[in-house]
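Just so you know, ligand 1 is whichever comes first in the structure, and atom 1 is the first atom listed for that ligand. All of these numbers come straight from a predicted model, not from anything done at the bench.
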Amino acid sequence: MTNTPTPTAESLRDKILHHVTYSMGKDAKHASIYDWRMALSLALRDRVVEPWFAATRKTWDQGRKRVYYLSMEFLSGRMLEDAAINLGLRATCRSAIEGLGLDWYEVIENEPDAALGNGGLGRLAACYMESMASLGCPGYGYGIRYEHGLFKQRFEGGQQVETPEDWLKQRHPWEFERPESAYEIGFKGYVETVDGKPHWVPGETVLAEAYDMPVIGWQGKWANTLRLWSAKPTEMFDLARFNHGDYAAAAEPEALARTLSRVLYPDDTTYAGKELRLKQEYFLTAAALQDILRRHLAADLSLEALPKHVAIQMNDTHPAIAGPELIRLLSDVHGMEFEHAIETAVQCLGYTNHTLLPEALEHWATYLMGTVLPRHMQIIEKIDSWHRRNHPNRPHFVGIVKHQEVRMGELAFITSHKVNGVSALHTELIKKNLFPELNKLHPGRIINQTNGITPRRWLRMANPALSHLIIDTIGEGWEGDLDRLRELEPHIEDSAFLDKFMAAKRTNKEHLAAWIAQSEGITLNPDAIFDIQVKRLHEYKRQLMNILQTISEWHEMRENPQADYQPRVKIFGGKAAPGYYAAKQIIRLIKDVAEVINNDPLIGDRLKIVYPANYNVSMAERLIPAADLSEQISTAGKEASGTGNMKFALNGALTIGTLDGANVEIREQVGAENFFLFGLTADEVMERRRDPEHARHAILESPVLQDVLQMIAEGRFSPDEPERYHDLVHNMWNSDYFLVASDFESYRSSQKEVDVAFGDRASWAKMAALNTARMGFFSSDRAIAGYMRDIWDTTSAL
Ligand SMILES: CCc1ccc([C@H](C)CC(=O)N[C@@H]2O[C@H](CO)[C@@H](O)[C@H](O)[C@H]2O)cc1
């Protein structure tokens, strides 16, 4: 907590005016919204710096253990309002801004999202950074300061088009450049032996320069650092070449270096195996480890003691080169005995797995690893043989290097003292299917840490209407202790409370309808069920099943237009990886179907489909509070956890979902009676797949699905190109790997149950309020407390 008095709207207004004048160099009369947003950000940042310094000092003085969270992605979104919330100053900021005659939403929406991530993994890292700060856990995040985050999505003729994202086109008020914290990172070259010891001679080097962002915790009691590395050339500019007029060549070193932090790879489930990606992963990891050891040694601590003072968490396998790199630094550079270096590294490292999809598991060709990182390839071989020696009964097919490939999952497993999954079901599947042999060899190494979300951003900030009702009902403090939401349960019997609960939902739905009308030109009926599926586009997430069911509803309505239907609004959002053709076809189908249904006079406003472009963190904050129904319909066994599912349920939406990922635990917490379950279980999926004709059999058992596929195949939604979806329909009949057909009828009847349930307003309100009241377990504070207890062996400094 800063010791400067809490500002009033007036004193804050003066601070803002000060920054407009002296930081933005603008006469307030001519200041732009950008200037005002920057000025407010700087005024708030001034209040973050002290708790930030105090936290760093306390960590240092008390020699506290530090956690280092290594991630190729941090999907932070906007920072201004989040900082205001955690400093308890949102209302003050708003009245200061409105006192200056400005519109609050115009100012906060002027900030670009920090979109340095693809989806779940990146957003989880951001929630975890905020929770570590809120819990007073000394934690540093290490990532890459991509010049271009996740691409911007727009639609042309219903098709996704990508354009570069450029969040840094304007100054970023929340970062501090740290030119003094820069490290040389080597690549390629060769390994020589010097006095009998291996010595790596890199062929090329770049500079990793640090940019720090403060991460303020709840109530501003503590702040941690997110350090992002930017690639700079070791030699700035080749003057000789320039003087010879070879300007392009002169600038080449810089251009080459900057490619390392130029852009985020937009794939979130397909490992591409590109050299630049491997170099990015090493760039992040090597800079982080050099920084970690510098800080440790600067405290006069011995490397022997490293595990007592340092915990390093690898966010999936993307930073898994951390094992070999730490061992190289400890043994090659600091002279530690090799096997001792391995043991020391293992005690420091933890590995979190976020996916079972085979195509997402990283496995670098040994020739590529040997070329880009020749010394590390040697060390990886040595780690593999060390492990084989220590586990003589290790089956021959188990190991890190197999079939001329370095399997990064096995490497991360073998060099970590703890490996965790991100939901109870996922962790069981890791033990059973991903690492069955290693699990046997290392009993107890695999543990579960079910994901969580920060209630500050995803309820307190995103849903003021519901938050104020909760505060009026049970007081403040639940934001930092989410289990306290259980105190709402007694009030759920009180119809007045339920009316207020649904009134908050209604307010959010009207706000969303206004935004959709303005941005999409589509009028939504707030009495309709707002049924939302927002996440990356992937076949296992089954957006296809959702749109096929929607077509079946539309067709039914057209068959008996007089019947009484529960109006429904289907909202989709999500990006497809640029090279993922099948995912792009599904987006196109949804847009084509929307075109037909939204303009069908027979239907009117009883069914609408909306797919706003460029789904991101800020759009999630706008959509999720307005949801009645949360679509979590992945093929069981495929979604490691999901975190959107938690955000929806916390904001009073009911879930229609499969027993997959964290849906299982959400249903346990909120009660089976407050959850619309459908579909095959993970075991039944395995069983069903044993029938090679499972798709055809399922379709033949569903006349409704047959009709829907027939309509699509005939071009009902693509009259200008009737054959547009022939491959999609063909795949449904002949492959359907994610069992859309097998779960279709179960899903369709569950949606019918939803219609009926929604018709009974009082019971729906009760179920919705019970979802909110019982979501305490899914706070990222509970998750981080689990990591601190079971993996990092750290305690709060608060
Ligand atoms: C190498 C390309 C690549 C990039 C990112 C990834 C991520 C692991 C994909 C991801 O975001 N996984 C999601 O992680 C969330 C946080 O744990 C889970 O909630 C989601 O279920 C999981 O799909 C895989 C492969």
Output, or 'none' if empty, a list of ligand 1-protein atom pairs in which both atoms are N or O and the distance is under 3.5 Å, rounded to 0.1 Å.
| residue | atom | partner | partner atom | Å |
| --- | --- | --- | --- | --- |
| ligand 1 | 11 (O) | L121 | N | 3.0 |
| ligand 1 | 17 (O) | H354 | ND1 | 2.6 |
| ligand 1 | 17 (O) | N451 | OD1 | 2.8 |
| ligand 1 | 19 (O) | N451 | OD1 | 3.3 |
| ligand 1 | 19 (O) | G642 | N | 2.8 |
| ligand 1 | 21 (O) | E639 | OE2 | 2.6 |
| ligand 1 | 21 (O) | A640 | N | 3.3 |
| ligand 1 | 21 (O) | S641 | N | 3.0 |
| ligand 1 | 21 (O) | G642 | N | 3.0 |
| ligand 1 | 23 (O) | Y540 | OH | 3.1 |
| ligand 1 | 23 (O) | E639 | OE2 | 2.9 |

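- Taking the six-membered ring where the residue is Trp, the centroids of H148 and Y146 are separated by 6.0 Å or more.
- A search for ring pair (Phe, Tyr, Trp, His ring centres under 6.0 Å) contacts involving F675 returns nothing, not counting sequence neighbours.
- Remark: R782 pairs with no residue by the side-chain hydrogen bond (donor to acceptor under 3.5 Å, both in side chains) rule, at least two apart or across chains.
- Inspection of the N118 and E73 side chains reveals an N or O donor paired with an N or O acceptor under 3.5 Å.
- Of the N and O atoms on the side chains of Q313 and W792, at least one donor lies less than 3.5 Å from an acceptor on the other residue.
- Within the structure, the side chain to side chain donor-acceptor pair (under 3.5 Å) test picks out the following pairs touching residues 257-266 (sequence neighbours left out): E147-R258.
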